Structures are given as C-alpha cells and as structure tokens.
Amino acid sequence: MSSTTRPIVFMDINIGETPAGRIKMELFSDVVPKTAENFRQLCTGECRLDVMRDPRVTRMGLSTGNHHRDLEQSTFVNGFWADVPNFMCQGGDFLNGDGTGSFSIYGKNFPDENFQEKHTGPGLLSMANSGPNTNGCQFFITTAKCDFLDGKHVVFGKVIDGMLTLRKIENVPTGQNNRPKLVVKIVECGEM
C-alpha cells in the first residue's frame, strides 16, 4: 500500500483556551492495520463507546461523515495529559484523563501488532501501554529519538504537518507527574 492511500487524521489543539494549531498524522495502515484502524476510529468517532457497557464510557461526540466534532464530548476530550520535553507528549485517556484508563475498538485492550517501525526521531505516533499486549486508546507522539522504546511500543503513524503545534504542547510548563499546568485539549479531531 502506498503512502498516498494511508489514512490521514487530524487533531485541533487548544492550550488553555487558546487555539494552538492542528496536527495532521499519517497512519501506517499497511504496516499495522489493526492499530491504525483503532486510532482512526477513535479520531472519527465511528466507534460507539457506550456499547462497551462501561458506566464511565457513556458519552460520545457526534460523528458526521468523516469528521468528528463535539467540544465537550469528543473521544479524546482529555487531550494530552503528560508532556516531557525531549521525549514525548502523551494523551488519549478519555476514561480517567490521567494515563490509567484503557479502551479500544476491539475491547479493553488489544495485542501488540508488530514492532517493525522504530522510534527514530520526533513526530512519530506510538501506542502507550502498561506492558506487552495492553494497547488501548492512549498514544504518544515523540519529540526526539526514543530508540529505548523500540520493541516495547507499536509505532503506527507520523506527523506530516503540525510539528510546531507539537512543540507548543511539549513546552507547556508541567507540574507533578509531567502533567501540563495548562489544559492541553483536543477540541476537534477526524479524518482528512
């Protein structure tokens, strides 16, 4: 599959109440199709979270075509909850907003698909996990080379536009546990 047929998803980011920009990401659907599809559906809102019967997961934004928009109830409502300069920005925990929640379109979590792609530099989209075969809704985007994560986290995409927005997130002052002192929220996300 050529890169022109790979899905492109986007996230519009606010830092505090201020729009920070858009991040566009190409998903490696030809390398890790299940992982890419999980993320794509969470971005578009195609996956109805309330069908999982988790009482905490009853909210879902409105999905219209290939575009998902609901400022208070989007899939990634909590946005980025951790950022570590010269390492990564992590987000996607819409259950608890602190890195402890997990959900996927396949159930609570799903296995590591493969480790073919490596953490070779900034702008790589990778699954956050709590050990082998625990992929869910959480992800991170690298802000530097992170080869020590190779073989432990599945790389499933890359930033193709919006590195400046990622650098803005990376540079938000943080407090305890690398939590941003300002809310870094994904206010809109979908597929291009």
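Being a predicted model, the structure only gives us computed values, none of them experimental. Only heavy atoms go into these numbers, but all of them, side chains included; no hydrogens, no water, no symmetry mates. The first residue in the sequence is number 1, and the count goes up from there.
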Can you name the nearest heavy-atom pair linking [X] to [Y], along with the distance?
{"X": "Gln90", "Y": "Phe139", "result": "CG-O, 3.2 Å"}
{"X": "His153", "Y": "Met127", "result": "ND1-O, 2.8 Å"}
{"X": "Ser29", "Y": "Ala36", "result": "CA-CB, 3.8 Å"}
{"X": "Met25", "Y": "Ile141", "result": "SD-CD1, 4.1 Å"}
{"X": "Pro180", "Y": "Asp83", "result": "CG-OD2, 3.2 Å"}
{"X": "Met11", "Y": "Cys43", "result": "CE-SG, 4.1 Å"}

Checklist entry - Should Arg6 and Asp30 count as an ion pair when the cut-off is N to O under 4.0 Å? => result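 Answer for the salt bridge query: yes.
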
Checklist entry - Can you find a heavy atom in the side chain of Val155 that is under 4.5 Å from one in the side chain of Ser126? => result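 SC-SC contact between Val155 and Ser126 confirmed.
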
Next on the checklist: Name the residue from Phe110, Phe28, Phe39 that meets the ring-ring contact (aromatic ring centres under 6.0 Å, His included) definition with Phe156.
Outcome noted: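 Exactly one option meets the ring-ring contact (aromatic ring centres under 6.0 Å, His included) with Phe156, and it is Phe39.
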
Checklist entry - Aromatic rings Phe148 and Phe87: how do their planes relate, parallel, tilted or perpendicular, breaks at 30° and 60°? => result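 Aromatic pair Phe148/Phe87 classed tilted.
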
Measuring from [X]:[atom1] to [Y]:[atom2], what's the distance to the nearest 0.5 Å?
{"X": "Cys146", "Y": "Met88", "atom1": "SG", "atom2": "CE", "result": "8.5 Å"}
{"X": "Ile169", "Y": "Ile15", "atom1": "CD1", "atom2": "CD1", "result": "6.0 Å"}
{"X": "Ile13", "Y": "Ile23", "atom1": "CD1", "atom2": "CD1", "result": "4.5 Å"}
{"X": "Asn14", "Y": "Ile186", "atom1": "CG", "atom2": "CD1", "result": "11.0 Å"}
{"X": "Glu37", "Y": "Glu113", "atom1": "CD", "atom2": "CD", "result": "11.0 Å"}
{"X": "Glu117", "Y": "Leu125", "atom1": "CD", "atom2": "CG", "result": "11.5 Å"}

Next on the checklist: Take a 6.0 Å sphere around NZ of Lys152 and say whether it holds more than 12 heavy atoms from other residues, nucleotides or ligands.
Outcome noted: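 No, NZ of Lys152 has 12 or fewer neighbouring heavy atoms, counting only those of other groups under 6.0 Å.
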
Checklist entry - NZ of Lys24: more than 12 outside heavy atoms within 6.0 angstrom? => result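 Check fails, neighbour count at 12 or below.
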
Checklist entry - Can Asn135 and Tyr106 be said to form a side-chain contact (heavy atoms from CB on, under 4.5 Å), step by step? => result CA-CA 10 Å; Asn135 300 295; Tyr106 310 111; over 6 Å; no

Determine whether [X] and [Y] fall in the same hydrophobic cluster, where Ile, Leu, Val, Met, Phe, Trp and Tyr are linked whenever their side-chain heavy atoms lie under 4.5 Å apart.
{"X": "Leu149", "Y": "Val84", "value": "yes"}
{"X": "Met163", "Y": "Val172", "value": "yes"}
{"X": "Val154", "Y": "Val159", "value": "yes"}
{"X": "Phe140", "Y": "Val184", "value": "no"}

Between the side chain of [X] and the main-chain N/O of [Y], is any donor-acceptor distance below 3.5 Å?
{"X": "Asn129", "Y": "Gly131", "result": "yes"}
{"X": "Asn133", "Y": "Asp112", "result": "yes"}
{"X": "Thr142", "Y": "Leu124", "result": "yes"}
{"X": "Asn38", "Y": "Cys137", "result": "no"}
{"X": "Asp150", "Y": "Phe115", "result": "no"}
{"X": "Ser102", "Y": "Lys108", "result": "yes"}

Item to check | Residue pairs involving residues 169-180 (criterion salt bridge (charged side-chain N to carboxylate O under 4.0 Å, His left out); sequence neighbours excluded) | outcome: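 Non-adjacent pairs meeting salt bridge (charged side-chain N to carboxylate O under 4.0 Å, His left out): Arg167-Glu170.
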
Next on the checklist: For Cys189 and Val9: C-alpha separation, side-chain torsions, deciding distance, then whether side-chain contact (heavy atoms from CB on, under 4.5 Å) applies.
Outcome noted: CA-CA 7 Å; Cys189 55; Val9 295; over 6 Å; no

